[in-house]
Amino acid sequence: MRSSDFHRGLANGVPICLGYLSVSFAFGISTFNSGLSVVQTTLISMFCVTSAGQLAAVPIMLAGGTLLEMALAQLVINLRYTLMSVSISQKLDDGVTLPHRLMLSYVVTDETFAMTTAQRGKISRQYFYGLILLPWLGWTLGTFLGAVAGNLLPPLLTASLGIAIYGMFIAIVVPQAKHERPAALCALIAVGLSCLFRYVPLLSRVPEGFVIILCATAASAILAVHAPVNPEGGN
Amino acid sequence: MDPKKFAVYLIVAAGVTYLVRMLPLVLVKKQIQNRFVVSFLHYMPIAVLSAMTIPACFYATGHLLSAAVGFAVAFVLAWKEKPLLVVAIGIVAGVLLTELLFFR
């Protein structure tokens, strides 16, 4: 029973792992090319395991940003994991004791969270470990391969692969915006603001980490006031 | 990049990322009831991802045209609710074909 939980988790992690391989490969290429070493690039993925957060972290490192900027950017960009972890905490069975919670929370991502919500009933620690193992390995390995082999590929291909990570973001945003009008509005406000920070002369000097924080908090707060959701979820 | 400076940045980035995941899983036993907080957290992911994608993705390839074609392909695939992997391949394929056709 328990070992079958583990195997079921592994199986559920396979598609996530494949998606992560391609996206992290692109992250590996672009981060290596921006000036970090292969080891540094790989360590970022191994320890952060968060696409949007990592993509924001690298420019802050390269620009010599402050640690406060780094911490705030990671906090705001990754704050969504707090809600996911809260939600997951309601579903864990009694076997998921403190040490396991400390371990398992390490790989709470958009995709692993989505998979746990699809499970009926309680989740065992065996299932959770199975679920996160391959995605974590895929994320780390893909980044390493991208950093190492990215420059062996033709420049045309590497320049094209760099955009893959945005494909993942689009794949998450568009379906939600399609089904949920307030979410679409929220996305439009966030995009409008981020364009302002890009193209308006003085605003364009604001560091990238802060731009994401400002756009995301403003758009989310506006929608939270004007289109609040029920605590149980849904509008 | 200087290894010591990098290590400090990495510890902060990874540490904060871990804490936002770990603390709720360890501390929260009850459901959050504050409607504003729940709503704010509900909208946060889409706001973050949207702001990170536009306009940045249009500058990810070196040519605005190829990035725009890639974006359009990805948008259509995502609208049809294709899997993450398909959308990621689609955006790369759109860029690659455009680059081959117009910039070679």
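Here is how names work: the chains are called A, B, and so on, in the same order as the sequence lines, proteins then strands, and each is numbered from 1.
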Query raised in the report: Among B:Y18, B:F36, B:F6, who wins on heavy-atom pairs under 4.5 Å with chain A?
Result: B:F6
Report task. Check step by step if side chain to side chain contact (heavy atoms under 4.5 Å, CB included) holds for B:Y9 and A:Q40. Result -> CA-CA 11 Å; B:Y9 278 128; A:Q40 288 171 337; over 6 Å; no
**Report entry** Min side-chain heavy-atom separation B:L23-A:T82 under 4.5 Å
**Finding:** no
Query - Among B:V8, B:V12, B:L10, side chain to side chain contact (heavy atoms under 4.5 Å, CB included) partner for A:M70 - result: B:V12
Query raised in the report: Given a strict heavy-atom distance threshold of 4.5 Å, which part of B:Y59 is in contact with chain A: side chain, backbone, both, or neither?
Result: side chain
Report task. Answer with side chain, backbone, both or neither: which region of A:Y20 has an atom nearer than 4.5 Å to a non-hydrogen atom of chain B? Result -> neither
Report task. Find the one option among B:G94, B:G70, B:G15, B:A60 whose heavy-atom pairs under 4.5 Å with chain A are most numerous. Result -> B:A60
Query raised in the report: For chain B, which residues from residues 187-195 of chain A lie under 4.5 Å away (heavy-atom distances)?
Result: A:A187, A:A190, A:V191, A:S194, A:C195
Query raised in the report: Checking heavy atoms, do the side chain of B:V16, its backbone, both or neither come under 4.5 Å from chain A?
Result: side chain
Report task. Say whether, by atom type as modelled, one donor and one acceptor occur between the side chain of A:Y166 and the main chain of B:F71 under 3.5 angstrom. Result -> no
Report task. Quick one: do B:M44 and A:T217 satisfy side chain to side chain contact (heavy atoms under 4.5 Å, CB included)? Show the steps, please. Result -> CA-CA 7 Å; B:M44 185 63 92; A:T217 44; 4.2 Å; yes
Query raised in the report: Quick one: does A:M168's side chain get under 4.5 Å of B:V87's, heavy atoms only?
Result: no
Requested in this report: Examine whether an atom of A:V76 lies under 4.5 Å from a heavy atom of chain B, and if so say whether it belongs to the side chain, the backbone or both; otherwise answer neither.
Outcome: both
Query raised in the report: At a heavy-atom separation under 4.5 Å, does A:H179 approach chain B through its side chain, its backbone, both, or neither?
Result: side chain
Report task. Taking all heavy atoms of A:A227 and all of B:Y43, pick out the closest pair and write down the distance. Result -> O-OH, 2.7 Å
Report task. Name the region of A:A218, side chain, backbone, both or neither, that has any atom closer than 4.5 Å to a heavy atom of chain B. Result -> neither
Query raised in the report: Where does B:A7 contact chain A at under 4.5 Å (heavy atoms): side chain, backbone, both or neither?
Result: neither
Report summary line: Checked B:A51, B:A74, B:A14, B:P83 vs chain A; the most non-hydrogen pairs under 4.5 Å come from B:A51
**Report entry** Shortest non-hydrogen separation from B:V48 to A:A216 and the atoms involved
**Finding:** CG2-CB, 3.6 Å
Report task. Give the member of B:M52, B:K80, B:M22 that has the highest number of heavy-atom pairs under 4.5 Å with chain A. Result -> B:M52
Query - A:T50 versus chain B, the contacting section by heavy-atom distance below 4.5 Å - result: both
Query raised in the report: Within the distance-only criterion (no hydrogens, no angle test), does the side chain of A:S85 pair as donor or acceptor with the backbone N or O of B:L25 below 3.5 angstrom?
Result: no
Query - Interchain contact, A:Q54 with chain B, by part (heavy-atom threshold 4.5 Å) - result: neither
Report task. Could you look at A:S30 and say if it's the side chain, the backbone, both or neither that has a heavy atom under 4.5 Å from chain B? Result -> neither
Report summary line: When the 4.5 angstrom heavy-atom criterion is applied to A:V39 and chain B, the contacting part is neither
